[in-house]
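Quick caveat, the model's predicted, so the values are computed rather than measured.
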Amino acid sequence: MIEALPSTGVPGEQVLAELHELRAADLPTHGGRLFAYVYDPAVGGLDELAQAAYAISAHVNGLDPTAFPSLLAMENALVAAAGRLLGGGPGTTAPEVVGSVTSGGTESLILAVKAARDAHPELDRPRLVIPSTAHAAFAKAAHYLRVALDVVPVGPDLRADPVATAAAIGPETVLVAASAPSYAHGVIDPIAGMAAVAAERGVRCHVDACFGGWVLPYLRRLGADLPAFDFSVPGVTSISVDLHKYAYAPKGVSVLLHRDAALRLPQFFAYADWPGYTMVNPVISSTRSGGPIAAALATMRHLGDDGYLRLAGRTRDAVAVLAGAVEATGGVRLFAPPETSVVCLAAEPDVELFVLADELAARGWHTQPQLAYGNLPATIHLTVTAAVGATAAEFAPDLAAAVAATRARGPVELPPELLAAAGALTPELVTPELVEGLAAGLGLGDDLGRSMAAVNSLLNVAPPALRAALLTGFLSLLQRPTWHGVG
């Protein structure tokens, strides 16, 4: 435990040493063996450049661009770069594209929903139509903004269904969303079809390209047979793309683009009916540090268009190697076509998927298990970045060894009393005390995050609402203050 406010100040060298010690417990953010959460291009000196740029603007406040024109210039440059990459700007069919820099994909999606909702103040209960594979941040946006959520099942190819989407659009629908690609499976929805049905009904269409929007254009330039998904598609009214993903900027920077300024206007919040300054915010935050924006700009300028093309090539090659390893290994199979930057695999019945994830972690491969949903089985998700190019060849033998070890271990056997208790639970019955008891029953201790097969197996048999309640309770259990000098 670390004390944030000691009675006497601590020397800077000691503070930094303590931070490094804390970081030593984290998963590795570099090295090409972590398939979620972070994006590593494996470019020497890039971290140092981004950190230096961050420091230059860390104390600049984005609240008032007239006070800090440097930040306004940086934001406009980032928006222009994203707009041009995604089919907008002078000389295109979307010459008037505008945008805003946000803190991440979730904020971008919330603002896309807000803009659509506030464009129709006459509706008492505006509605959002999404495919079942859309990112959970849409559900968060609907919850925060009190927008009704209509979830449409995807087809057997894991892609959004334009016909079913058209049937779901009603007079109160303000936005239709699609993914390019979906996070869970890495496949691109039929954006042209989705945008067409939305436009036919006079509804906005948002393309969530937060995950892959910065790499897909480069994959297409490298010859990948990927459909158009950007502003070149008629009916697409807004697009989100995260720069802290495949633009390889530090966390957290995303861009939300609109086809024109009129579409963006309802995104703003403005309030003058108080004695202080008039608040005008294009994004959710008022005060914003310029650090992440400066770091993103420095990263982008240093890598350049040619650098991103090379990194996309390394990513594509790594995806092919990993997918080949899955196809060559008995007991596992590709669950979705590896057409973008994701490898998604499922396990055969004699291979317990969550044990396999633990066995891969024991061999230094940190993956992201995904629980079963509807008629979709549990899967393992691999987000592939350019850094994986250096390690991909090592994956095949480790995957084969992990499958063999998984078969030898057999399935997870949860205590019958624990299963019985979980089977009787409803979200309303989940209390802090119950979560503490479940955590103890599952043996969660210092190895938390390293051996999760039992936890995932329990969650996998729970319905989604109960999963959410249990994980909320567990996160609440973890997030407790560390008191010092008390008692």
Side-chain angles (χ1 to χ4, degrees), residues 30-44 46 81-82 84-87 157-159 179-189 191 207-230 232 239 241-249 299-300 302-329 332-345 365-368 379-396 398-399:
H30 294 78
R33 286 175 168 263
L34 176 58
F35 292 111
Y37 309 118
V38 298
Y39 295 76
D40 179 15
V43 173
L46 189 61
R84 175 64 76 186
L85 188 69
L86 296 172
D157 59 356
L158 304 174
R159 304 177 203 274
S179 306
S182 62
Y183 178 83
H185 306 122
V187 298
I188 301 174
D189 287 333
I191 302 301
V207 175
D208 173 17
C210 290
F211 180 48
W214 202 267
V215 72
L216 294 183
Y218 291 103
L219 292 176
R220 293 182 74 189
R221 282 168 56 180
L222 291 167
D225 184 19
L226 300 176
F229 69 94
D230 56 17
S232 66
I239 305 175
V241 55
D242 289 358
L243 304 187
H244 58 222
K245 291 188 170 72
Y246 286 100
Y248 294 113
T299 299
M300 198 177 296
H302 182 63
L303 291 175
D305 183 69
D306 61 337
Y308 283 118
L309 189 64
R310 287 193 299 272
L311 293 172
R314 292 176 197 166
T315 302
R316 173 202 59 189
D317 295 344
V319 166
V321 172
L322 296 176
V326 174
E327 291 178 311
T329 304
V332 292
R333 58 186 172 86
L334 290 174
F335 185 70
E339 64 186 31
T340 57
S341 59
V342 172
V343 175
C344 182
L345 62 100
W365 301 99
H366 305 287
T367 66
Q368 192 170 53
T379 56
I380 286 178
H381 168 105
L382 309 180
T383 292
V384 184
T385 63
V388 178
T391 61
E394 304 166 17
F395 185 71
D398 282 347
L399 177 62

What residues form a salt bridge (charged side-chain N to carboxylate O under 4.0 Å, His left out) with [X], not counting sequence neighbours?
X: Arg84; answer: none
X: Glu327; answer: none
X: Arg333; answer: Glu348

Which heavy atom in [X] sits nearest to a heavy atom in [Y], and how many Å separate them?
X: Thr391; Y: Gly31; value: CG2-O, 3.2 Å
X: Pro41; Y: Leu46; value: CG-CD2, 3.7 Å
X: Tyr39; Y: His244; value: CD1-O, 3.6 Å
X: Arg159; Y: Pro337; value: NH2-CG, 3.9 Å
X: Ser341; Y: Val215; value: OG-CG1, 4.4 Å
X: Asp189; Y: Leu158; value: OD1-O, 4.4 Å

Just to verify, which of Tyr246, Tyr308, Tyr248 counts as forming a ring-ring contact (aromatic ring centres under 6.0 Å, His included) with Trp214?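 With Trp214 as partner, Tyr246, Tyr308, Tyr248 yield a single ring-ring contact (aromatic ring centres under 6.0 Å, His included), made by Tyr308.
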How many angstroms lie between atom [atom1] of [X] and atom [atom2] of [Y], to the nearest 0.5 angstrom?
X: Asp40; Y: Leu311; atom1: CG; atom2: CG; result: 10.0 Å
X: Leu219; Y: Asp225; atom1: CG; atom2: CG; result: 12.0 Å
X: Ile380; Y: Leu345; atom1: CD1; atom2: CG; result: 5.0 Å
X: Leu222; Y: Arg310; atom1: CG; atom2: CZ; result: 11.5 Å

Can you find a pair of side-chain heavy atoms, one from [X] and one from [Y], that are under 4.5 Å apart?
X: Leu399; Y: Val326; value: yes
X: Pro217; Y: Phe229; value: yes
X: Leu86; Y: Val207; value: no
X: Ser182; Y: Val187; value: yes
X: Tyr37; Y: Thr383; value: no

Those residues that, when tested against Tyr183, pass ring pair (Phe, Tyr, Trp, His ring centres under 6.0 Å) (two or more places apart):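 Ring pair (Phe, Tyr, Trp, His ring centres under 6.0 Å) check on Tyr183 returns Phe211, His381.
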Who pairs with His185 by ring pair (Phe, Tyr, Trp, His ring centres under 6.0 Å), at least two apart in sequence or on another chain?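 So His185 forms a ring pair (Phe, Tyr, Trp, His ring centres under 6.0 Å) with Phe335.
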Using side chain to side chain contact (heavy atoms under 4.5 Å, CB included), reason through Ile188 and Leu216 one step at a time and then give a plain yes or no. CA-CA 10 Å; Ile188 301 174; Leu216 294 183; 3.9 Å; yes
The test is side chain to side chain contact (heavy atoms under 4.5 Å, CB included); show your working for Val241 and Leu85 and say whether it passes. CA-CA 10 Å; Val241 55; Leu85 188 69; over 6 Å; no
How about CG on Asp306, more than 12 heavy atoms from neighbouring residues, nucleotides or ligands closer than 6.0 Å, or not?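 Atom CG in Asp306 is packed in, count exceeds 12.
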Under 3.5 Å, side-chain donor or acceptor atoms of residues 316-323 against the rest of the protein: list the pairs with distances, not counting sequence neighbours.
none

Parallel, tilted or perpendicular: ring planes of Phe35 versus Phe395, cut at 30 and 60 degrees: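 Judged by the thresholds at 30° and 60°, the geometry between Phe35 and Phe395 is perpendicular.
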